Amino acid sequence: MATILGIESTAHTFGVGVVKNGKVLSNVRDSFTTKKGGLIPIEVAKHHHEVCDSVLDNALKEAGISLEEIEGVAFSQGPGLAPCLKEGMKFAKKLAGKLKVPLISVNHCVAHLEIGKIVGAQDPVMLYASGANTQVIAYAAGKYRVFGETLDLGVGNFIDTFARFARLGFPGGPKIAELAEKSKNYIELPYSIKGMDISFSGMQTKLRQLLDKGEKLEDLSFSLQETTFAMLVEAVERAMAHTEKKELLIGGGVSCNTRLKEMCEIMCRERGAKFFCPENSLLVDNGAMIAYLGEIMFEKKIFEKDFEKVDFLPRQRTDDVEVRWK
Ligand code: ATP
Ligand code: FE2
C-alpha cells in the first residue's frame with residue numbers, strides 16, 4: 001500500500017502516472033508526433049526533456065497529491081531507444097534523490113502485461129502489439145516467456161512505415177484504421193507466420209508495389225489490417241492452445257485498434273476463453289502502468305537504494321526479467 005510515481009520514456013511518449021493501492025490516480029502523457037517523416041531518437045529525447053516538468057506537474061495535480069507524498073519513483077528501464085531511456089532515467093533519479101525514496105527499475109514490456117490485472121486478468125496469454133514490439137507472452141516457471149514474436153519489424157512500426165510511404169505522417173496506425181473503415185475490398189497480401197512467429201517485410205514490399213500501381217489506399221488499408229491482425233490472432237491462439245491458458249490480454253498501442261479487438265473477441269468466444277482489454281490510455285505507452293508494476297515491486301522491496309548501480313537497458317528482453325514479485 002504505497003503511493004508510487006511512474007515514468008515512461010522508452011520511445012515517442014513521455015508519461016507520468018501516479019498509482020496508490022493499485023488504483024490509477026493519474027496518467028498524463030505527451031507524445032512526440034510529426035506530420036511527415038519518422039522518429040529521430042535524439043529529437044524525441046529532446047522532446048522528453050522539454051515536457052518532463054510540465055507532465056509531472058499535471059500528473060500530480062490530476063492525482064490531487066503533492067510531490068512529498070510520493071514513496072517511490074518507478075521508471076521504464078528498457079527496452080527502448082537509448083537517448084529516450086536515458087532522459088527518463090535521469091529525471092527519475094533526480095526526483096527519487098530529491099525525495100529520498102527508492103528508485104524502482106521496471107521492464108516496459110512486463111508493465112504492459114501486469115497492468116492487465118487492473119481489468120481482472122489473472123494468468124493470461126498476452127498479445128503485446130505496439131510500435132517496436134510484437135510478442136506473444138505468457139507466464140511460466142518464474143518468468144514471462146516469449147512464445148512468439150515478429151522476426152523483423154514491430155507491427156506498429158510496420159504500419160507506420162507503410163503510412164509514411166503513403167505520406168500519411170506519424171503515427172500511421174489510427175490513419176490506416178480510418179481508411180480501412182471505408183473499404184470492404186480485400187486484396188490478397190503475403191501472410192507470413194511460422195509457428196508463433198510472424199514477419200511483415202514481404203507484406204510491406206507488396207503493399208508499396210500495389211500503391212505505386214495505383215491501388216486505392218482505402219483497399220490497401222483494409223487488406224493490411226485484415227491480413228496483419230489475422231496473423232497476430234493466429235499466433236496468439238496457438239499459444240493459448242499450447243499453454244492451455246484460458247485468458248487473452250492485449251496491450252500496446254496497436255491494441256487500440258477496434259478491428260483487432262473485435263477479431264480477438266471472436267477468437268476467444270469461439271474457444272470459450274476470456275478476453276481482457278484495458279482502456280486505451282493504459283494500452284499505449286504510459287506512466288501509470290510503470291507506477292502500477294512499480295507499486296507491486298515496491299511492496300516486495302525490489303528496488304535499488306544506490307542509484308549509481310542502476311542503468312537503462314535498451315535491449316532488455318522480457319524473458320531476462322526475474323519475476324520475483326509473484
Ligand atoms: P513500445 O515502446 O512498447 O514498442 P511504442 O513506443 O510504439 O511502444 P505505443 O504507444 O505502445 O508505443 O504504440 C504506438 C503504435 O500504436 C504506433 O505504431 C501507432 O501507429 C499504433 N497505433 C495507435 N493507435 C492505433 C490504431 N487505432 N490502430 C493501429 N495502430 C495504432
Ligand atoms: Fe510499449
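Counting starts at 1 for both ligands and their atoms, in listed order. Please read these numbers as outputs of a predicted model, since none were measured by experiment.
Remark: R324 engages I302, E322 in a side chain to side chain contact (heavy atoms under 4.5 Å, CB included) (not counting sequence neighbours). The side chain to side chain donor-acceptor pair (under 3.5 Å) search around D30 returns H47, not counting sequence neighbours.
Atoms of ligand 1 found under 4.0 Å from any heavy atom of G156, numbered from 1 in the order shown, are 18 (O). Distances below 4.0 Å separate heavy atoms of H108 from the following atoms of ligand 1: 1 (P), 2 (O), 3 (O). Ligand 1 places these atoms under 4.0 Å from at least one heavy atom of A11: 6 (O). Less than 4.0 angstrom separates some heavy atom of G252 from each of these atoms of ligand 1: 11 (O). The atoms of ligand 1 that sit less than 4.0 Å from any heavy atom of D160 are 17 (C), 18 (O), 19 (C), 20 (O). Residue-ligand proximity, A132 to ligand 1, at heavy-atom distances under 4.0 Å covers atoms 4 (O), 7 (O). Heavy-atom proximity to H112, at under 4.0 Å, picks out these atoms of ligand 1: 3 (O). Residue P171 has at least one heavy-atom neighbour below 4.0 Å for each of these atoms of ligand 1: 19 (C), 20 (O).
Salt bridge absent: E87 and K46 never bring a charged side-chain N and a carboxylate O closer than 4.0 Å.
A donor atom on one side chain and an acceptor atom on the other are not found under 3.5 Å apart for E299 and W325. For the residue pair T10/S76, the side-chain donor-acceptor check at 3.5 Å is not satisfied. No side-chain donor from either of D285 and H12 sits under 3.5 Å from a side-chain acceptor of the other.
Here the side chain of T13 pairs no donor or acceptor atom with the backbone of G15 at under 3.5 angstrom. N58 contributes no side-chain N or O that, together with a main-chain N or O of L56, makes up a donor-acceptor pair within less than 3.5 Å. A side-chain donor-acceptor contact under 3.5 Å links K245 to the backbone of Y139. Here the side chain of D197 pairs a donor or acceptor atom with the backbone of E149 at under 3.5 angstrom.
Here the side chains of L282 and V119 are not in contact, with every heavy-atom distance at 4.5 Å or above. Residues Y292 and K117 are in side-chain contact: their nearest non-hydrogen atoms beyond the backbone lie under 4.5 Å apart.
Contacts between F170 and ligand 1, counted as non-hydrogen atom pairs separated by less than 4.0 Å, are absent for every part of the residue. Heavy atoms of T10 found under 4.0 angstrom from ligand 1 belong exclusively to the side chain. Using a 4.0 Å cut-off between heavy atoms, N257 contacts ligand 1 through both its backbone and its side chain.
With the Fe ion (ligand 2) as the vertex, OD1 (D285) and NE2 (H112) define an angle of 100°, rounded to 10°.
Considering both main-chain and side-chain atoms, Q225 never comes within under 3.5 Å of ligand 1 through any nitrogen or oxygen pair. Looking at ligand 1, you won't find any N or O of P174 less than 3.5 Å from one of its N or O atoms. Considering both main-chain and side-chain atoms, T13 never comes within under 3.5 Å of ligand 1 through any nitrogen or oxygen pair. Considering backbone and side-chain N/O atoms, N157 never comes within less than 3.5 Å of an N/O atom of ligand 1. Annotation: G131 places an N or O atom under 3.5 Å from an N or O atom of ligand 1; distance criterion only.
Selection from G253, S255, G173 by nearest heavy atom to atom 23 (C) of ligand 1 gives G253.
The shell of residues lying under 4.0 angstrom from ligand 1, judged by heavy atoms, excludes G154.
S130 OG, 2.6 Å is the protein heavy atom nearest to atom 4 (O) of ligand 1. Atom 3 (O) of ligand 1 has Y128 OH, 2.2 Å as its closest protein atom, hydrogens excluded (heavy atom only).
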Worksheet item: Hey, mind stepping through F32 and F170 against ring-ring contact (aromatic ring centres under 6.0 Å, His included) and telling me if it holds?
Response: CA-CA 9 Å; F32 180 89; F170 176 86; 7.8 Å; no
